[in-house]
Amino acid sequence: MEFEEMTKIWDQQTKKTMFVINEKALNNRIKAKLRGSERMNNINDFGLIAISICTAAMVLIIKTISTWNLVTAVILLLISFYIIANRLRREKRSRQFDLSLLGGVNHAIENINFEIRRSKTFILWFLLPLSVPSFMNLAQKEASIWIWLLVIGGFFLAYFVTRLGLQRSLIPKKRNLEILKEKLLEAPQDI
């Protein structure tokens, strides 16, 4: 647990050692965790939107216009709109959290939960819709086996990197925030 800011004090009445949490340091730590989770959401949102829009533009500009290229570009633009809609919905929900320490922790947990859901459903809202026109385009052009392997490898790499980020980063962050929340719930309610 990250309670290095705990101070050891001596209770004269009970003759026992007690610990007191530096509330200002705890408040700063919670705000930092909330800012970090918001920053992660923003980077992922804007990164995925930029990737989708730029890739759609490249498909339309660089490659020859074909039915499957148009379908790919439309799917990428729909993915961008989906991300924007989810972002707006998340920002609307974020206004419900109170400004207390516990509210900040709950808000950070909700931000992490959003990223966990996004990672778990990445295959459904990104990879599958994008793979169908990509494979149809490759079949229509009679691409070499090496191009097929490269594209399939790219999809597998995207899936495994997303799962790795989920297991190595998001789930441990959520666990740490839940431990902090439990500690706050155990503390006196004047925090």
Side-chain angles (χ1 to χ4, degrees), residues 1-4 26 28-56 58-59 71-98 100-135 138 148-186:
M1 191 63 223
E2 299 177 10
F3 281 104
E4 294 86 16
L26 180 62
N28 289 340
R29 172 158 289 140
I30 290 171
K31 284 181 181 178
K33 287 184 178 292
L34 178 58
R35 282 191 307 270
S37 67
E38 288 173 340
R39 187 174 34 254
M40 178 179 51
N41 288 144
N42 291 336
I43 289 170
N44 287 339
D45 285 344
F46 293 127
L48 286 167
I49 290 168
I51 288 168
S52 297
I53 290 173
C54 290
T55 306
M58 287 187 336
V59 165
V71 171
T72 302
V74 167
I75 287 174
L76 285 164
L77 292 176
L78 288 173
I79 288 171
S80 296
F81 291 133
Y82 173 76
I83 295 167
I84 292 168
N86 278 339
R87 177 179 176 73
L88 294 173
R89 206 173 14 249
R90 187 184 74 248
E91 287 178 349
K92 184 178 177 182
R93 275 195 317 263
S94 74
R95 294 184 203 116
Q96 325 172 1
F97 294 99
D98 59 18
S100 68
L101 293 177
L102 190 57
V105 171
N106 285 332
H107 191 179
I109 289 172
E110 180 59 32
N111 285 340
I112 296 292
N113 281 337
F114 178 82
E115 288 300 324
I116 288 172
R117 280 190 304 276
R118 184 189 334 231
S119 293
K120 285 183 175 180
T121 60
F122 181 73
I123 196 165
L124 296 174
W125 61 267
F126 193 84
L127 291 180
L128 285 178
L130 201 54
S131 66
V132 171
S134 297
F135 293 145
L138 290 174
W148 276 89
L149 291 174
L150 183 68
V151 171
I152 292 169
F155 282 117
F156 276 118
L157 180 64
Y159 174 75
F160 287 118
V161 166
T162 303
R163 297 303 287 184
L164 184 66
L166 175 67
Q167 296 299 322
R168 300 289 173 126
S169 176
L170 296 174
I171 291 176
K173 283 181 184 179
K174 181 180 177 183
R175 255 187 244 121
N176 288 339
L177 287 168
E178 287 172 339
I179 291 169
L180 180 57
K181 180 179 177 179
E182 288 173 14
K183 294 292 184 186
L184 285 175
L185 291 173
E186 290 172 4

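Contacts classified as salt bridge (charged side-chain N to carboxylate O under 4.0 Å, His left out) and involving residues 162-175 (residues at least two apart or in different chains) are given here: Lys174-Glu178. The list of salt bridge (charged side-chain N to carboxylate O under 4.0 Å, His left out) pairs with a residue in residues 101-112, not counting sequence neighbours, reads Arg93-Glu110, Glu110-Arg117. Under the ring-ring contact (aromatic ring centres under 6.0 Å, His included) criterion, the residue pairs touching residues 100-120 are Phe97-His107, with sequence neighbours excluded.
The distance from the CD1 atom of Ile123 to the CG atom of Leu128 is 5.0 Å, given to the nearest 0.5 Å. Interatomic distance, CE of Met58 versus OG1 of Thr55, reported as 5.0 Å (0.5 Å rounding). With rounding to the nearest 0.5 angstrom, the OG atom of Ser52 is 8.0 Å from the CG atom of Leu130. Interatomic distance, CG of Leu34 versus CZ of Arg29, reported as 14.5 Å (0.5 Å rounding). To the nearest 0.5 angstrom, Asn44 atom CG is 10.5 Å from Ile49 atom CD1. Rounding to the nearest 0.5 angstrom, the gap separating the CZ atom in Phe122 from the CG atom in Leu166 is 12.5 Å.
The salt bridge (Lys or Arg N to Asp or Glu O under 4.0 Å) test applied to Glu115 returns Arg118, not counting sequence neighbours. By the side chain to side chain contact (heavy atoms under 4.5 Å, CB included) test, Ile43 is found to be paired with Arg39, residues two or more places apart in sequence or in another chain being considered. Lys181 pairs by the salt bridge (Lys or Arg N to Asp or Glu O under 4.0 Å) definition with nothing, not counting sequence neighbours. The side-chain hydrogen bond (donor to acceptor under 3.5 Å, both in side chains) test applied to Trp125 returns Thr121, not counting sequence neighbours. Here Ser131 pairs with nothing under the side-chain hydrogen bond (donor to acceptor under 3.5 Å, both in side chains) rule; sequence neighbours left out. For Arg35, there are no salt bridge (Lys or Arg N to Asp or Glu O under 4.0 Å) partners two or more places apart in sequence or in a different chain.
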Side-chain donor-acceptor pairs under 3.5 Å in residues 72-90, sequence neighbours left out?
from	atom 1	to	atom 2	distance (Å)
Thr72	OG1	Trp68	O	2.7
Ser80	OG	Leu76	O	3.2
Tyr82	OH	Asn86	ND2	3.4
Asn86	OD1	Arg89	NH2	2.3
Arg87	NE	Glu91	OE2	3.4
Arg87	NH1	Asn42	OD1	2.8
Arg87	NH1	Asp45	OD2	2.9
Arg87	NH2	Asn42	OD1	3.0
Arg87	NH2	Glu91	OE2	3.0
Arg90	NH1	Asp45	OD2	3.0
Arg90	NH2	Asp45	OD2	2.9

(request) With side chain to side chain contact (heavy atoms under 4.5 Å, CB included) as the test, would you mind laying out the steps for Ile116 and Asn113 before giving the verdict? (result) CA-CA 5 Å; Ile116 288 172; Asn113 281 337; 4.3 Å; yes

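Between Asn111 and Met40, the closest side-chain pair of non-hydrogen atoms is not below 4.5 Å. Side-chain contact between Leu184 and Leu26: present, with at least one pair of heavy atoms (C-beta onward) separated by less than 4.5 Å.
When every heavy atom of Asp98 is checked against every heavy atom of Gly103, the shortest pair comes out as OD1-CA, 2.8 Å. Phe155 and Ser134 get closest at one heavy-atom pair: CZ-OG, 3.9 Å. Across all their heavy atoms, Leu177 and Val105 have their closest contact at O-CG1, 3.6 Å. Listed here is the closest heavy atom pair of Gly104 and Ile30: C-CG2, 3.9 Å.
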